[in-house]
**Q** 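Would you mind keeping the following structure in view while I ask a few things?
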Amino acid sequence: LIVDDQIPNLKLLSELLGREGFYVRPANNPHLALDSALSKPPKLILLDVKMPVMDGFEVCRLLKQDQRTRDIPILFVSALQDVRDRVRGFEVGGVDFISKPFQEEEVLARVRTHLELRNMQLNLAELVDKRTDELARSEAKYRGLVENSLVGVFTITIDGRFTYVNDAMARMFDFDTPKQMIARGSIERWRDQKNRKRMLAGLQQHGIVTNFRAEANTKTDRHLHVLFSAKQVGNSIVGMVMDITELQEAYAEIEQLQMQLQAESAYLQEEIKLEFNHENIIGQSNEIKYVFYKVEQI
């Protein structure tokens, strides 16, 4: 969006940017500019400072107050050379100044630079939304798996013989009936016998283990990730077990998405930050603000 009350300037800028492939909307007064920007927010605004009724600083201030146009980069185009005017432009939300009479190469360079920054910001916001949506879908999948998981119930002896398993437990381990699973025993179901010893040590020390993660083999040699809790009652161990194989995959997917989102967000934020990074410079005077302005130009 190009805003200038001088028709020759408006025409010159429109033709220059149009030749370079930019879609241009001209506005020759402040109120028309405000209506145009709010109804259809542009990617970037070139804004004259000296205009009748309302100057460019006030137009910029009003645009920065509206959520629809708050983040649009505004470049002032002005013959004003006073440092105080330029500082005021930055204070109301402008990002750059183009001096009149302007050079075509300078206009194009500044427009391209700020459009590239704006596109980086928009891409970052879109990426965050996309990753957040993916994360939400994975979490929904996680909740669904928890709600629909089958819980097996079992009783075994200390030496590893089943004395009871319920139907859900038998199905979980690919047995046709609980009786079949009882006949086969529990020891061979452990994928890693070290985990069994660790579980027995926990029972011996505390009498109970909770949320114990292990890997198991089914009757058909299918690999399972299981989570179980067990309690020693006399010479028997009573417990409940849940198949978390799909849950484990969903959790890994969520963790990967979180890491990817954090990495991409940090990278893109750093890319944007590299363009304007004055956090370590202390100073509020007009002179130092003008130094910042010149550094940004360079």
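Quick note: numbers below take in every heavy atom, side chains included, and nothing from hydrogens, waters or symmetry partners. All residue numbers in this chain count up from 1 along the given sequence. Computed from a prediction, not measured in an experiment: that's the story for all the values here.
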**Q** With rounding to the nearest 0.5 Å, note down the distance linking CE in Met54 to CG in Leu62.
**A** 5.5 Å

**Q** What's the separation between atom CG in Leu127 and atom CG in Leu122, rounded to the nearest 0.5 Å?
**A** 12.5 Å

**Q** Atom CZ of Arg86 and atom OG of Ser99: how far apart are they, to the nearest 0.5 Å?
**A** 4.0 Å

**Q** Please determine whether residues Val24 and Val107 belong to a single hydrophobic cluster, defined as Ile, Leu, Val, Met, Phe, Trp and Tyr linked transitively by side-chain heavy-atom distances below 4.5 Å.
**A** yes

**Q** Using the ring pair (Phe, Tyr, Trp, His ring centres under 6.0 Å) rule, collect all pairs that involve residues 174-199, keeping only residues at least two apart or in two chains.
**A** Trp190-Phe228

**Q** Between Leu46 and Leu17, is there a side-chain heavy-atom distance shorter than 4.5 Å?
**A** yes

**Q** Is any NZ, NE, NH1 or NH2 atom of the basic residue among Arg61 and Glu58 found under 4.0 Å from an Asp or Glu carboxylate oxygen of the other?
**A** yes

**Q** Looking at side-chain heavy atoms only, is the closest gap between Ile244 and Arg213 below 4.5 Å?
**A** yes

**Q** Check whether Thr69 reaches the backbone of Leu63 with its side chain - one donor and one acceptor, N or O, closer than 3.5 Å.
**A** yes

**Q** Do Leu115 and Val95 sit in the same hydrophobic cluster, where Ile, Leu, Val, Met, Phe, Trp and Tyr count as joined when their side-chain heavy atoms come under 4.5 Å apart?
**A** yes

**Q** Please find the pair of heavy atoms, one from Val111 and one from Leu44, that lie closest to each other, and give the distance.
**A** O-CD1, 3.9 Å

**Q** With heavy-atom distances below 4.5 Å as the criterion, would you say the side chains of Ile237 and Ile158 are in contact?
**A** yes

**Q** Any donor-acceptor pair under 3.5 Å linking the side chain of Ser39 with the backbone of Asp35?
**A** yes

**Q** Would you mind reporting whether Ser78 and Asp85 have side-chain heavy atoms less than 4.5 Å apart?
**A** no

**Q** Can you find a heavy atom in the side chain of Asp174 that is under 4.5 Å from one in the side chain of Arg222?
**A** yes

**Q** After noting the C-alpha distance and the side-chain angles of Lys289 and Glu91, does the key distance pass the side chain to side chain contact (heavy atoms under 4.5 Å, CB included) rule?
**A** CA-CA 10 Å; Lys289 288 180 180 178; Glu91 287 176 344; 3.0 Å; yes

**Q** Starting from Met172, can I reach Val238 by hopping between I/L/V/M/F/W/Y residues whose side chains sit under 4.5 Å apart?
**A** no

**Q** Using the rule that Ile, Leu, Val, Met, Phe, Trp and Tyr join whenever any side-chain heavy atoms are under 4.5 Å apart, tell me whether Leu38 and Ile72 fall into a single cluster.
**A** no

**Q** Got a second to check how far Leu108's CG is from Gln103's CD, nearest 0.5 Å?
**A** 11.5 Å

**Q** Whether the side chain of Gln232 engages the backbone of Gly234 through a donor-acceptor N/O pair (distance < 3.5 Å, no angle test) should be reported.
**A** yes

**Q** Would you say Arg110's side chain and Leu75's backbone share a donor-acceptor pair under 3.5 angstrom?
**A** no

**Q** Mind listing the side-chain donor-acceptor pairs of residues 2-16 below 3.5 Å, one per line with the distance, residues two or more places apart or on another chain?
**A**
| unit_1 | atom_1 | unit_2 | atom_2 | d |
| --- | --- | --- | --- | --- |
| Asp4 | OD1 | Gln6 | N | 2.8 |
| Asp4 | OD2 | Lys100 | NZ | 3.1 |
| Ser14 | OG | Leu10 | O | 2.7 |

**Q** Might you point out which heavy atoms bring Gln65 and Arg70 nearest each other, and give the distance in Å?
**A** O-NH2, 4.2 Å

**Q** Are Tyr23 and Lys43 packed together at the side-chain level, in the sense that at least one heavy-atom pair is separated by less than 4.5 angstrom?
**A** no

**Q** Considering all heavy atoms of both residues, which atom of His225 and which atom of Asp243 are nearest to each other, and what is their separation?
**A** O-OD1, 3.4 Å

**Q** Can you name the nearest heavy-atom pair linking Met181 to Val165, along with the distance?
**A** CB-CG2, 4.1 Å

**Q** Is there a donor-acceptor contact under 3.5 Å from the side chain of Asp133 to the main chain of Asp129?
**A** no

**Q** Is any side-chain heavy atom of His223 closer than 4.5 Å to a side-chain heavy atom of Thr245?
**A** no

**Q** Is the shortest distance from a Lys or Arg side-chain nitrogen in Asp192 or Lys194 to a carboxylate oxygen in the other one below 4.0 Å?
**A** no

**Q** Got a sec, which pairs hit ring pair (Phe, Tyr, Trp, His ring centres under 6.0 Å) with one end in residues 33-82, sequence neighbours left out?
**A** Phe57-Phe76, Phe76-Phe97

**Q** Check whether any side-chain N or O of Thr210 sits under 3.5 Å from a backbone N or O of Ser229 as a donor-acceptor pair, and report yes or no.
**A** no

**Q** Shortest non-hydrogen contact from Pro30 to Pro52?
**A** CG-O, 3.8 Å

**Q** Are Gln193 and Ile187 packed together at the side-chain level, in the sense that at least one heavy-atom pair is separated by less than 4.5 angstrom?
**A** yes

**Q** Are any side-chain N or O atoms of Asn166 and backbone N or O atoms of Val153, one a donor and one an acceptor, separated by less than 3.5 Å?
**A** yes

**Q** Taking all non-hydrogen atoms of both residues into account, name the closest pair between Cys60 and Val92 and its distance.
**A** SG-O, 3.5 Å

